[in-house]
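In the text below, chain A, chain B and the rest are named by the order of the sequence lines, each starting its count at 1. Predicted model, so just to flag it, every value in this text is computed and none were measured.
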12 protein chains.
Amino acid sequence: MNILIINGPNLNLLGVREPDTYGNQSFDDYLFILQEKYSKTKIDYFQSNIEGEIINKIHEFGFSADGIVLNAGAYTHTSVALADAISAVETPVIEVHISNVYKREKFRHHSFLSPVCRGVISGFGMNSYRLAIEAFLNY
Amino acid sequence: MNILIINGPNLNLLGVREPDTYGNQSFDDYLFILQEKYSKTKIDYFQSNIEGEIINKIHEFGFSADGIVLNAGAYTHTSVALADAISAVETPVIEVHISNVYKREKFRHHSFLSPVCRGVISGFGMNSYRLAIEAFLNY
Amino acid sequence: MNILIINGPNLNLLGVREPDTYGNQSFDDYLFILQEKYSKTKIDYFQSNIEGEIINKIHEFGFSADGIVLNAGAYTHTSVALADAISAVETPVIEVHISNVYKREKFRHHSFLSPVCRGVISGFGMNSYRLAIEAFLNY
Amino acid sequence: MNILIINGPNLNLLGVREPDTYGNQSFDDYLFILQEKYSKTKIDYFQSNIEGEIINKIHEFGFSADGIVLNAGAYTHTSVALADAISAVETPVIEVHISNVYKREKFRHHSFLSPVCRGVISGFGMNSYRLAIEAFLNY
Amino acid sequence: MNILIINGPNLNLLGVREPDTYGNQSFDDYLFILQEKYSKTKIDYFQSNIEGEIINKIHEFGFSADGIVLNAGAYTHTSVALADAISAVETPVIEVHISNVYKREKFRHHSFLSPVCRGVISGFGMNSYRLAIEAFLNY
Amino acid sequence: MNILIINGPNLNLLGVREPDTYGNQSFDDYLFILQEKYSKTKIDYFQSNIEGEIINKIHEFGFSADGIVLNAGAYTHTSVALADAISAVETPVIEVHISNVYKREKFRHHSFLSPVCRGVISGFGMNSYRLAIEAFLNY
Amino acid sequence: MNILIINGPNLNLLGVREPDTYGNQSFDDYLFILQEKYSKTKIDYFQSNIEGEIINKIHEFGFSADGIVLNAGAYTHTSVALADAISAVETPVIEVHISNVYKREKFRHHSFLSPVCRGVISGFGMNSYRLAIEAFLNY
Amino acid sequence: MNILIINGPNLNLLGVREPDTYGNQSFDDYLFILQEKYSKTKIDYFQSNIEGEIINKIHEFGFSADGIVLNAGAYTHTSVALADAISAVETPVIEVHISNVYKREKFRHHSFLSPVCRGVISGFGMNSYRLAIEAFLNY
Amino acid sequence: MNILIINGPNLNLLGVREPDTYGNQSFDDYLFILQEKYSKTKIDYFQSNIEGEIINKIHEFGFSADGIVLNAGAYTHTSVALADAISAVETPVIEVHISNVYKREKFRHHSFLSPVCRGVISGFGMNSYRLAIEAFLNY
Amino acid sequence: MNILIINGPNLNLLGVREPDTYGNQSFDDYLFILQEKYSKTKIDYFQSNIEGEIINKIHEFGFSADGIVLNAGAYTHTSVALADAISAVETPVIEVHISNVYKREKFRHHSFLSPVCRGVISGFGMNSYRLAIEAFLNY
Amino acid sequence: MNILIINGPNLNLLGVREPDTYGNQSFDDYLFILQEKYSKTKIDYFQSNIEGEIINKIHEFGFSADGIVLNAGAYTHTSVALADAISAVETPVIEVHISNVYKREKFRHHSFLSPVCRGVISGFGMNSYRLAIEAFLNY
Amino acid sequence: MNILIINGPNLNLLGVREPDTYGNQSFDDYLFILQEKYSKTKIDYFQSNIEGEIINKIHEFGFSADGIVLNAGAYTHTSVALADAISAVETPVIEVHISNVYKREKFRHHSFLSPVCRGVISGFGMNSYRLAIEAFLNY
């Protein structure tokens with residue numbers, strides 16, 4: 001099985017930003033653990049702060065990968081273009097969030113992506129990514 | 001570990017209602033499989049169509065169970081009382097949905113429960129319950 | 001033909017509440033007249049102030065009765081769960097109101113039930129029930 | 001008894017427009033059946049696509065007829081003038097719709113006419129007209 | 001004088017839930033003090049998490065008691081049915097809240113009950129109940 | 001000076017409709033008095049229930065009359081087409097209402113016509129027309 | 001007859017502010033002309049930029065004057081207190097505006113005063129005051 | 001090919017109204033040029049200020065013409081009845097506007113017609129009609 | 001104990017305005033009774049129709065009095081400045097209303113003051129003031 | 001004449017994505033046909049999924065090209081920056097859409113670009129581009 | 001150069017109110033420092049809690065001062081009259097706020113004054129006043 | 001001291017775009033003057049039309065610079081991602097605008113950035129940048 005994890009804007013700062021809240025673990029460290037745990041699954045990773053580059057990557061993997069785990073960060077709430085990219089490709093996408101977005105500001109409660117994703121997982125910290133991979137493996 | 005699964009209104013009809021969509025499997029059958037798979041975990045189950053009885057059950061388990069998996073069905077979108085019950089108890093609650101509620105009518109996009117739950121899992125069919133249990137086990 | 005009439009919250013007070021407006025006739029008295037008039041039709045009756053018990057009753061009759069006449073009272077305007085129950089069963093449901101709800105407070109103008117009922121009859125006093133039965137008989 | 005049926009815009013196309021949905025029966029044919037069935041009742045009929053002509057007709061009959069059955073079609077949702085006409089006359093008016101308007105686009109859920117009509121009957125096909133006549137006869 | 005106090009959902013947890021905020025005093029203990037203080041007044045008490053049971057109780061006492069003190073908890077903000085019950089009975093009802101609801105989430109600022117109650121008392125802790133009884137005694 | 005008075009839908013019923021409120025005076029009687037009083041001014045009159053005919057009349061007089069006094073009745077609140085007609089012609093238009101529309105239903109508080117009229121006079125009974133003529137004479 | 005004219009905030013600058021638009025005539029000059037023209041009518045005048053002082057003046061004259069002509073300026077759109085003052089007194093009040101407020105910013109389209117005034121006259125320049133006096137004289 | 005052009009309210013004033021903006025060319029003159037240019041295409045023309053007459057014309061041509069070019073003017077923004085007429089007939093309709101309606105008042109940004117037309121062309125002056133004909137010829 | 005009662009706009013007319021509704025008792029008379037009843041408590045009184053003077057008075061007493069009972073009348077619904085004044089001082093404030101404001105116009109349902117007051121008492125006539133004093137004495 | 005066509009996000013997938021709907025023709029193939037047909041016109045082409053790169057391209061051509069045909073895809077509905085770019089340059093821009101956006105989700109009905117473009121063409125498939133070129137040639 | 005600083009409601013409490021947040025410095029002390037620093041500039045100062053007095057002061061200085069620095073406090077969000085005063089005078093006005101109002105309650109995000117002021121400076125503590133003076137000096 | 005100035009979309013056209021309004025001065029020329037004036041402060045500069053590149057730059061300088069002056073142009077109103085970037089870094093950010101955005105279209109009145117910036121300066125032309133630097137120097 002072949003899965004792509006995409007992280008959107010500001011998620012490159014995980015482990016640096018607000019360490020009291022998010023801990024000292026960078027996403028690269030967490031990714032290494034995931035890849036160890038799911039050694040039979042090919043897990044690719046991409047991060048960008050640029051909306052259009054995320055779209056490019058979805059196009060690139062969206063006809064060959066078995067699943068995409070997408071944490072689009074703030075673009076979740078503003079990007080119709082990202083939603084269209086998800087609709088346009090064949091690979092199913094699962095939307096994940098580290099924090100429970102529904103506990104935060106009101107403008108984070110709406111997602112343009114949810115209606116075109118297979119499902120949504122929100123609020124389980126780094127575990128949200130693992131649960132998404134579990135969801136693909138059990139489908 | 002001790003986990004309670006609660007199903008809200010109309011979920012007693014799973015396996016009966018719209019079998020083309022939801023299949024012929026009743027929740028009881030699925031529960032049996034879950035209990036088999038997580039044999040070290042005590043999994044209790046409760047279903048009611050009455051909002052106040054669900055609140056009663058949350059009160060009953062909410063100071064002793066390790067986790068509650070709650071699919072509140074339509075009460076998700078209308079019940080402040082249920083949200084208050086979740087806030088009042090100590091056991092963490094995970095909100096689950098079988099379907100991806102964000103693909104459905106607009107009034108199903110808002111949840112009174114999400115801001116007081118630990119996290120939300122929506123759209124993975126019966127698997128949503130299993131992922132919630134995984135989330136509790138990995139916390 | 002087998003028809004179930006369901007009355008929702010506060011409708012048990014018909015004949016007691018505001019007699020100047022609603023008259024001294026209780027629903028039981030009216031039901032007797034209806035049953036006389038439509039003697040070839042089996043007309044069952046159920047009233048409850050508890051939302052979930054109305055759902056239970058819809059489940060119980062919703063795969064065997066030929067029609068349900070539902071005056072859900074105030075739950076008309078607030079209950080997604082009741083609407084889901086109507087969608088889940090096979091028996092068609094007609095929504096009725098004694099008063100013309102559109103002449104009353106604005107929050108009574110919206111019904112969660114109307115989009116999942118076969119039709120709506122509002123404003124004809126007790127006659128609204130009779131017209132609903134006529135509608136089932138002529139379908 | 002003397003009843004006027006008024007059909008508003010596009011209802012002249014009944015039997016022509018979308019025959020798969022609405023059948024091949026024109027309103028004239030249906031009217032003939034109605035008049036047969038209620039032979040003791042004088043049933044007049046008027047159709048116009050022009051809002052103001054419908055107002056004229058309501059003025060003409062609104063002080064002499066015993067009842068008006070009005071399917072105002074799309075003007076239901078946009079015409080304050082029609083509502084004022086109904087308020088201005090003495091004859092009671094019943095609002096009818098062939099389809100269940102609450103299953104359709106959101107802008108069809110609001111009616112300017114409902115608050116000034118005696119009652120509303122929606123969703124019973126051609127039968128909606130018959131039920132309205134029944135309602136007048138039983139008042 | 002004969003007064004009924006009704007507590008709605010989650011208020012059975014007073015003294016248990018969030019003791020730092022609400023203290024260790026259960027409502028039963030407080031009720032005992034109230035009854036001592038107003039020994040000439042008969043004070044009945046009822047609590048339920050089920051909306052319809054509260055309606056039942058209002059019907060039961062609403063034609064004989066001199067006053068009802070109602071803390072409907074979360075149902076304050078969502079229950080049209082409860083408001084209808086208050087309108088339907090003869091006994092006046094005073095709406096009370098322990099906390100100042102206007103300091104809390106926005107959805108708690110609207111009450112369906114206030115327009116049909118005699119008055120509203122909000123924000124005085126357990127004292128809110130006592131002030132309501134004073135209000136009845138001084139009427 | 002040459003002034004045209006236009007009355008919109010349902011205003012043909014003045015003197016007939018609700019005589020307790022509006023009196024027994026028809027607009028024709030009032031017009032006669034106006035014409036007497038302002039004998040040096042040519043006062044034409046037109047009434048129609050048809051929106052488009054009012055537009056036609058505005059076109060016809062809108063390049064030659066010195067002023068138009070328009071009581072558009074319910075079309076005030078719904079007709080963009082009437083507003084466009086007023087914008088398109090050269091004759092200034094004064095919007096009048098017999099009743100104080102701001103005391104009535106909320107949908108009567110908005111006027112599409114006001115922003116394209118010279119001014120608005122509302123609430124002075126039949127006198128509203130006379131004040132509008134005064135306004136033209138004093139301009 | 002005894003009439004009071006009240007001007008609200010910033011109207012003391014008439015004749016000074018934006019003379020190209022409003023001309024060089026101060027309100028005092030205009031008032032003199034009015035008093036000349038209606039010499040049989042006692043016309044008092046008051047201006048203040050302070051909301052509460054206008055309320056005081058309405059209280060002072062509101063039980064003895066025959067009419068109040070009120071241009072409340074910007075307080076028209078924000079002052080519930082002024083509206084309450086008008087409701088509390090016995091003298092009828094006519095709301096006037098020099099400009100056509102419906103041609104200006106959207107927040108000027110709503111008036112808290114209109115529903116409690118006898119009528120509204122807007123858009124006729126200084127003439128708006130004269131028309132209001134005419135309206136009182138003809139009542 | 002057989003095409004009908006329909007112009008709605010106030011468009012009869014083209015060439016008369018605001019000549020600085022719209023030029024001196026009447027629609028009749030422009031129509032002559034169009035007919036010259038597309039001599040192989042039969043181009044009919046209809047204008048009315050009456051909403052219902054436009055509906056009548058759509059019914060008349062809507063089962064025989066190959067295309068309808070509709071500039072409904074202000075009715076674009078208010079007429080559900082016109083939208084229903086377009087839905088009811090078989091001939092495809094293209095919505096055109098002379099000006100770019102999106103540069104104008106907000107209430108002109110919404111069209112009831114667009115969702116039931118084949119396409120929309122807005123902002124190209126008289127050329128909008130020509131482009132619509134091109135669109136039909138190239139379909 | 002030292003308590004200040006503040007009455008806002010139009011409340012100086014109590015006993016004068018609408019005597020059928022409010023009775024003939026002026027606030028001064030009522031105040032005398034209150035002072036008699038709570039003779040151990042120093043009760044000061046202030047009334048003004050000027051928003052800023054009420055703010056001045058809150059500043060003056062807000063660091064020395066034990067409690068302020070504030071009926072801000074119409075300023076309740078519009079004055080952010082008054083709310084800021086309450087926040088700025090140390091003395092707790094209780095918001096009172098004579099009528100049940102939730103039975104009145106919608107714009108009276110929102111209070112800028114409630115979130116910064118200790119509590120709210122609404123609907124008990126003159127008794128609302130007494131209940132507020134009781135609340136201070138029992139705190 | 002020198003025209004630039006710009007395609008926004010996801011339009012690089014034309015011919016690949018949903019071939020049943022959009023056909024097998026890529027935009028490059030269609031462009032070739034356009035260039036053949038309008039051989040006297042220089043037609044440049046640019047596509048990007050990155051909002052800022054589209055802005056860069058508008059800046060680059062916006063002072064030299066004769067026209068820009070812009071299908072901004074999803075950025076149409078969310079990008080104020082793109083609208084500002086169009087305002088900032090001298091070359092006129094025509095907004096085009098392949099599908100009729102008004103038949104799709106509500107958030108696609110609003111365009112930030114329309115008010116700053118010369119005109120809008122929506123719903124004619126690939127032909128929308130050709131009509132835009134026609135519009136430039138006929139201006 | 002001649003500059004007037006105006007402080008609105010509650011700002012007289014600076015240095016007294018919430019000293020942990022705002023420090024012990026009164027505005028008078030700060031003003032002294034400002035006057036020292038800009039000794040060539042005449043800096044007048046006015047504070048009032050009364051909306052109308054602030055308007056009076058703007059009228060008084062608004063045709064002679066070179067600049068007005070206005071911190072209108074809570075009136076920023078509610079006073080159309082203040083905005084009109086700023087529009088009416090010739091002296092440019094700069095709106096300042098001590099705190100960053102956009103971090104506070106939502107109703108503080110809207111300012112009636114901003115559209116009629118030269119510019120806005122918000123969030124720099126007492127420094128906001130100094131920056132405004134700098135802005136006038138550099139204009 | 002080390003300060004970074006960031007300009008967002010379309011601000012590269014300063015001096016080119018609409019020279020009558022913005023003058024002929026490019027930002028580079030202005031920057032040179034600023035650097036001269038504040039020669040002891042290191043002032044870096046970055047401009048991009050790409051949202052994600054601005055985020056990258058904020059990340060790059062956000063843990064080392066002493067202050068960031070950000071004119072995000074149109075992204076101010078649409079970019080949650082930019083707001084998150086500001087929250088994530090340690091360097092304080094001041095939001096500036098050349099024009100007074102509150103005088104422009106309504107959608108420019110809302111800023112996602114303001115609540116996470118130290119302060120906002122809007123409407124002083126190029127001087128807005130200088131005032132922001134002053135604000136950093138005086139903090």
Which is it for B:Glu51 and E:Ile50 under the side-chain contact (heavy atoms from CB on, under 4.5 Å) test, yes or no, and what are the steps along the way?
CA-CA 7 Å; B:Glu51 186 181 7; E:Ile50 298 176; over 6 Å; no
Need one label for B:Ser79: side chain, backbone, both or neither, based on atoms under 4.5 Å from any heavy atom in chain E.
neither
Determine, step by step, whether B:Phe63 and E:Val16 satisfy the side-chain contact (heavy atoms from CB on, under 4.5 Å) criterion, reporting the C-alpha distance in whole Å, the side-chain angles of both residues, the deciding distance to 0.1 Å, and the verdict.
CA-CA 10 Å; B:Phe63 297 91; E:Val16 176; 4.1 Å; yes
Neighbour count above 12 (heavy atom, 6.0 Å) for B:Phe32 CZ:
no
Reported CG-to-OG distance for the pair B:Asn56 and E:Ser48, which is rounded to 0.5 angstrom
7.0 Å
Is a side-chain donor or acceptor of E:Asn10 paired with a backbone partner of B:Ala88 at a separation under 3.5 angstrom?
no
Taking B:Ala85, B:Ala83, B:Ser87, B:Gly62 one by one, which has the highest count of heavy-atom pairs under 4.5 Å against chain E?
B:Ala85
Give the C-alpha distance, both sets of side-chain angles, the deciding distance and a yes or no for side-chain contact (heavy atoms from CB on, under 4.5 Å) between E:Asn49 and B:His59.
CA-CA 10 Å; E:Asn49 293 323; B:His59 289 178; 3.6 Å; yes
Where does B:Glu53 contact chain E at under 4.5 Å (heavy atoms): side chain, backbone, both or neither?
both
